[in-house]
There are 2 protein chains.
Amino acid sequence: MSSSDTKQQILDAAEQLFGEEGFTSTSLRAITGAAGVNLAAVNYHFGSKSELAKAVISRHLVPLNQERLRRLDACEKNAKGTASLEEVVASFLGPALDLAREDKQTAGVTRLLGRIYSEQPPFIGELFADEFQDLVERFLHAIEACLPELDRSVVFWRMHFMVGSMAHTLCTNNLLTLFSSGHCSMQDIDEVTQQMVTFVAAGMRAPVISKVEGSR
Amino acid sequence: MSSSDTKQQILDAAEQLFGEEGFTSTSLRAITGAAGVNLAAVNYHFGSKSELAKAVISRHLVPLNQERLRRLDACEKNAKGTASLEEVVASFLGPALDLAREDKQTAGVTRLLGRIYSEQPPFIGELFADEFQDLVERFLHAIEACLPELDRSVVFWRMHFMVGSMAHTLCTNNLLTLFSSGHCSMQDIDEVTQQMVTFVAAGMRAPVISKVEGSR
DNA sequence: GCTTGATTCAATCGACCGTTTGAGACGATT
DNA sequence: AATCGTCTCAAACGGTCGATTGAATCAAGC
């Protein structure tokens with residue numbers, strides 16, 4: 001077994017188990033056991049459990065965010081300037097839901113990516129600074145271009161709600177299946193994407209309530 | 001120190017630490033240390049760490065869901081039948097955000113309640129069956145009454161997105177403050193509530209895209 | 001003042017944790 | 001054939017974990 005084989009086996013097993021049980025609840029012994037490699041291999045190849053977790057997340061998060069920007073570029077280019085709000089929202093949400101497509105049975109990556117927001121191991125902070133700063137700025141401007149009448153702070157809030165809808169769907173879709181007695185599931189990713197884009201775009205377009213009216 | 005004093009100290013400390021660090025990352029020694037009680041007191045008063053977690057969550061979740069239903073009843077009664085969509089949505093979101101009001105500095109309950117969806121300790125399953133089944137049904141019917149043209153499955157999805165926006169805001173609002181360079185924060189809960197209700201209600205009202213149009 | 005039940009306490013249990021070690025296996029290079 | 005990195009392995013390290021024990025403490029009832 002070559003070096004890279006072992007690294008891949010560890011990454012695959014860790015991704016699965018981190019997604020199922022969370023970061024702290026998953027032991028290196030469980031990971032190496034599932035991967036069929038020696039316990040010491042994690043520290044040899046990755047240095048520590050935290051570095052392994054970073055590697056697991058980056059492996060999918062970096063290409064995901066690249067694809068988001070690629071799709072945003074594409075639809076801005078098509079529109080020769082300002083893309084439609086639905087296209088912008090779909091550029092953000094679509095690639096994330098696409099990850100759930102191949103992942104339907106195991107739900108490893110899906111749950112993991114949905115969970116990175118609410119977990120807060122020490123390494124999460126730097127991850128956001130590295131991977132999300134540019135992304136947020138690009139999408140902020142794209143949405144502002146679609147909705148010029150909105151204050152920037154309102155756009156921030158609505159982007160926050162968009163991320164919440166996505167993250168919640170990625171990591172707790174089984175809950176919805178339970179409550180809906182099976183009527184709603186992640187079987188048809190295209191349908192989920194359409195539902196989410198429709199909801200979020202409409203929420204983004206909501207007229208702002210003036211402060212005077214809101215507080216009387 | 002009386003028996004109930006010790007129980008309260010433990011509940012308070014556990015709530016705070018579970019919210020900050022998560023369930024598995026928080027040790028009984030950290031909890032009893034912060035509470036100023038003996039380590040064995042947790043197992044004596046609650047039986048186990050899991051039972052303690054259930055008690056911590058129920059202490060706030062049960063009154064929260066009661067308040068939601070109380071507010072829903074109130075606005076349905078005022079409207080003599082069908083309440084407005086904004087009122088229904090506010091009945092669900094308002095009480096949750098109100099918890100963040102007293103909690104601004106410590107963020108114990110807030111983060112904890114936002115996290116119960118994405119964490120999945122073994123006891124979470126029964127918790128949903130016990131505490132959420134009725135609630136979901138009541139709000140489902142209230143929303144369906146406001147939006148009779150929507151399929152039930154669409155209403156389920158949109159309720160799911162509403163819960164996602166709320167949970168994400170409860171447990172990761174510091175992230176939004178970071179990205180928005182401090183322009184958005186949870187300082188003014190009334191404003192956050194209004195932002196969220198506006199967004200969610202507009203998302204709920206979105207016209208459904210017909211399947212034919214969506215797939216061509 | 002003694003008894004009784006409820007509570008607190010220090011000490012300890014076995015299990016599991018992440019990490020480290022040093023010896024061996026393997027393949028490529030000389 | 002000997003050498004040298006790269007990698008794997010069993011074993012062990014010191015610590016922390018949740019849970020339990022049995023003795024000490026306390027308050028209330030008689």
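All figures in this text were calculated on a predicted structure; none of them were measured in a lab.
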Query raised in the report: According to the Watson-Crick and G-U wobble definition with distances under 3.5 Å, which dot-bracket string, read 5' to 3', encodes DNA chain D, using [ ] for crossing pairs and | for pairs with another strand?
Result: ||||||.|||||||||||||||||||||||
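- By the 4.5 Å heavy-atom criterion applied to side chains, A:Met186 and A:Arg101 are not counted as neighbours.
- Residue A:Tyr44 places its side chain closer to D:dT6 than to any other of D:dA19, D:dT6, C:dG18.
- Atom CG in B:Leu28 sits about 17 Å away from atom P in C:dA10, given to the nearest Å.
- Considering only side-chain atoms of B:His45, the nucleotide from D:dC17, C:dT8, C:dT21 that sits closest is C:dT8.
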**Report entry** Verdict with reasoning, B:Arg152 to B:Glu144, per salt bridge (Lys or Arg N to Asp or Glu O under 4.0 Å)
**Finding:** CA-CA 7 Å; B:Arg152 173 159 294 193; B:Glu144 276 186 323; 2.9 Å; yes
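- The shortest distance between the side-chain N/O atoms of B:Ser27 and the OP1/OP2 oxygens of D:dC17 is below 4.0 Å.
- The residue B:Thr26 sits close only to the backbone: its heavy atoms come under 4.0 Å of sugar-phosphate atoms, none of a base.
- To the nearest 0.5 Å, atoms OG (B:Ser58) and CD (B:Glu131) are separated by 5.5 Å.
- Here CZ of A:Arg205 is found 11.5 Å from CZ of A:Arg158. Values are rounded to the nearest 0.5 Å.
- Within 4.0 Å of A:Thr32, counting heavy atoms only, lies no atom of the nucleic acid at all.
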Query raised in the report: After noting the C-alpha distance and the side-chain angles of B:Arg59 and B:Glu15, does the key distance pass the salt bridge (Lys or Arg N to Asp or Glu O under 4.0 Å) rule?
Result: CA-CA 10 Å; B:Arg59 180 165 69 141; B:Glu15 161 185 310; 2.8 Å; yes
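- The closest side-chain donor-acceptor pair between A:Glu137 and A:Gln133, if any, does not fall under 3.5 angstrom.
- In summary, the side chains of A:Thr177 and A:Ser185 do not present any donor paired with an acceptor at a separation below 3.5 Å, with no hydrogens or angles considered.
- Whole-Å rounding puts the A:Leu17 CG to C:dC17 C1' distance at 16 Å.
- Separating the CG atom of B:Asn43 from the C1' atom of C:dA6 is a distance of 17 Å, rounded to the nearest angstrom.
- At the phosphate of D:dT8, OP1 or OP2 sits under 4.0 Å from a side-chain N or O atom of A:Thr6.
- Distance A:Lys7 NZ to D:dT6 C1': 13 Å, rounded to the nearest Å.
- Rounded to an integer number of Å, the gap from CZ of B:Phe46 to P of C:dT7 is 12 Å.
- Nearest-nucleotide positions on DNA chain C for A:Ser25 and A:Ala40 put A:Ser25 closer to the 5' end.
- Within the 4.0 Å cut-off from OP1 or OP2 of C:dA10, at least one side-chain nitrogen or oxygen of B:Asn38 is found.
- Between A:Ile31 atom CD1 and C:dC16 atom P there is a gap of 17 Å when expressed in whole angstrom units.
- For B:His168 and A:His168, the ring centers are positioned 6.0 Å apart or more.
- Rounded to a whole Å, the CZ atom of B:Arg29 is 10 Å from the C1' atom of C:dT12.
- With rounding to whole Å, B:Glu21 atom CD is found 16 Å from D:dC17 atom C1'.
- B:Ala41 comes within 4.0 angstrom of nothing in the nucleic acid, heavy atoms only.
- For A:Leu39, the side-chain atoms get nearest to D:dA11 when compared with the rest of D:dC17, D:dA11, D:dC7.
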